[in-house]
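So the structure is just underneath, and the comments pick up after that.
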There are 2 protein chains.
Amino acid sequence: MGEDPVSTAASGAAKGTQTLLRGLDVLRLVSEGVSDAGSIGRALGVPRSTAHRLLSSLVSAGYLHHVPQAGYLLGPQLIFLGQRAAEQRPVRSLAEPVLRELAGITGDTVHLGIPDGAEVLYLDKIEGTRGLEMRSRPGQRMPLALTGLGKAMMLAMPEDRWEPLYRAAAEIQARHPGRVPPRPWPDFRADLEEGRARGFCFDLEENEYGIRCVGAPVRDLSGKVAAGLSVASAVPFMPETRLAELGPVVAAHAAEISRRLGGRSE
Amino acid sequence: MGEDPVSTAASGAAKGTQTLLRGLDVLRLVSEGVSDAGSIGRALGVPRSTAHRLLSSLVSAGYLHHVPQAGYLLGPQLIFLGQRAAEQRPVRSLAEPVLRELAGITGDTVHLGIPDGAEVLYLDKIEGTRGLEMRSRPGQRMPLALTGLGKAMMLAMPEDRWEPLYRAAAEIQARHPGRVPPRPWPDFRADLEEGRARGFCFDLEENEYGIRCVGAPVRDLSGKVAAGLSVASAVPFMPETRLAELGPVVAAHAAEISRRLGGRSE
DNA sequence: TTATACCGTCCCATATAGTGGGACATATGG
DNA sequence: CCATATGTCCCACTATATGGGACGGTATAA
């Protein structure tokens, strides 16, 4: 049938193992709240019969949970694997206590991410105590140039990578009509250069209206960028003066994580 | 070929969809640190060729990450789904702020779990500030009768379920030589009865040497058990006097979660 | 209340889709 | 330097997933 071009986003014909990929797509659908065999079959373009078989297998393996007259939910095995996946990135475990301390000091939401191609991959998120909720989640991806976190990492990259990353981001943003358009390249570049000089950068509602943040890069012992760190909050909590005093604090915590990365490798 | 009987443990012939189940087994193996196609094929009883095809598919779907000359790691998609899986349990989101407060007050590690058959499923864990690390993880399972958290939930169950749960736990424990053997049934039962009268229960190094904890059950609006809550720490931080004063605090927080469950259903 | 639509579950003939043996290039270690 | 091991690719074979359909139970509509 017709494929909606928005679904699996990137690569179209991922080769190999149809059954496995279908099963994984079932997980994705359930994570989006589709919770009965009929709808899942429809979304996948397969008969209910097939969808049901996949669902049963996933349930029996603990990847899904089936609540009799309610539907399917993501299962405990995914909670477990998700935890493990996060732990397998050494940066994440090393950084966690530092993030927690920073969240405690500032009261705001703290993010940790690593660069992955032209995107930032969110690895951890410590909620602030102001009770406001951000859309970001660990495991999520965003173009590097569009977030404070991503820009923080760009500060520690060679300058010749800036423009391609900016272009990639602008292109993606252009495909989503509702989004905030990125600022012009010269401004963007100037902003990054200022940031590099200071050691930290700002995001003044560029990514999301109403949210401001301060970020700084984490480097490994060779000096290359290993991760990024940001503190985010709603505009009323983030006046210019606070942004300015938060900068060095964030940079210091990023440096502390860098220091810890120097220890053991495992 | 010969199957080692320890591998997939529980259910033998899970019917249906071999390919999918194999793929999921690959995820499990990678989570255990097996990180190359050869070993994975061997552990699964399939040729490298097949293992490689599964691995590639999982990589292309973002469930695994492949580091060229190092091996396979759990991928970002699992971090994302794990997060979602935890959020899809309403208890977890409702309880989190309460857990955090309790962790703040006590300085110790706080666990949240729900009953799942004869086991407790850990849903959330807030680390204490004493810097000691416990083996428990969200997504993990343990027999109900062997943990403070599990016993807390048993307090809110009908008495006729106590003995079968105790037996199930004892049986499992018997299969693991190194573990602490459970106390005799009459003692266990008496302990639970005292606990029910008080509204909270203790775990005095029954599950793990050196760890003591205090737990209390969370009930839904119909009065049935919905979850359990426990505060755990090392013996030096948990003298008898502290256990006694912690009890009512834990019970009060459990009650607060129960109250919050009364709100909306979604 | 009765009627209807939908869901979960199971079965089975068909051919599609996964399988696994093997070959090749590249990288690691002795 | 050679030996070992890993990622990658190919292709004939058949084991395996597929999907049409039927049945019983449950919620929603009439």
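First the proteins, then the strands, lettered A, B, ... as listed; each starts at 1.
- Atom pair B:Leu55:CG and D:dA5:P shows a separation of 18 Å (rounding to whole Å applied).
- A salt bridge links B:Glu159 with B:Arg196: at least one charged nitrogen is closer than 4.0 Å to a carboxylate oxygen.
- A:Thr19 has a side-chain polar atom (N or O) that falls below the 4.0 Å cut-off from OP1 or OP2 of C:dG18.
- When each of D:dA17, D:dT6, C:dG20 is scored by its nearest atom to the side-chain atoms of B:Gln18, the top-ranked nucleotide is D:dA17.
- Separating the CD1 atom of A:Ile40 from the C1' atom of C:dC6 is a distance of 15 Å, rounded to the nearest angstrom.
- Per the geometry, CG belonging to A:Leu21 stands 12 Å off C1' belonging to C:dA17, to the nearest Å.
- A donor-acceptor contact under 3.5 Å is formed by the side chain of A:Ser49 with the base of D:dG20.
- With C:dC7, D:dG20, C:dG18 as the candidates, the nucleotide lying closest to the side chain of A:Asp36 is C:dC7.
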Are B:His65 and B:Tyr72 close enough, and set up right, to give a ring pair (Phe, Tyr, Trp, His ring centres under 6.0 Å), and what steps lead you there?
-> CA-CA 6 Å; B:His65 225 224; B:Tyr72 293 87; over 10 Å; no

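- Nearest-nucleotide mapping onto DNA chain C: of B:Arg48 and A:Gly71, the residue sitting toward the 5' end is A:Gly71.
- Taking the side chain as every heavy atom from C-beta outward, B:Val225 and B:Ile114 never approach each other to under 4.5 Å.
- In this structure, the nucleotide among D:dG7, C:dG20, C:dG8 sitting nearest to the side chain of A:Ala37 is C:dG8.
- Put simply, NE2 on B:His66 is 12 Å from C1' on C:dA27, counting in whole angstrom units.
- Of the side-chain N and O atoms in B:His52, none sit less than 4.0 angstrom from OP1 or OP2 of D:dG7.
- Counting to the nearest Å, the C1' atom of D:dG7 and the OH atom of B:Tyr72 are 7 Å from each other.
- Listed nucleotides D:dG19, C:dG8, C:dT19 differ in distance to B:Leu54; the shortest reach to its side chain belongs to C:dT19.
- For C:dG20, the OP1/OP2 oxygens have a side-chain nitrogen or oxygen of B:Thr50 closer than 4.0 Å.
- Contact check on B:Arg167 versus B:Glu171 returns no salt bridge, with no Lys/Arg side-chain nitrogen under 4.0 Å from an Asp/Glu carboxylate oxygen.
- With hydrogens and angles left out, the side chain of A:Arg53 and the base of D:dG19 share a donor-acceptor pair within 3.5 Å.
- We find that A:Asp25 and A:Arg22 are not joined by a salt bridge, their nearest charged nitrogen and carboxylate oxygen being 4.0 Å or further apart.
- Set against D:dT18, C:dT19, D:dA22, the side chain of A:Arg22 has D:dT18 as its closest nucleotide.
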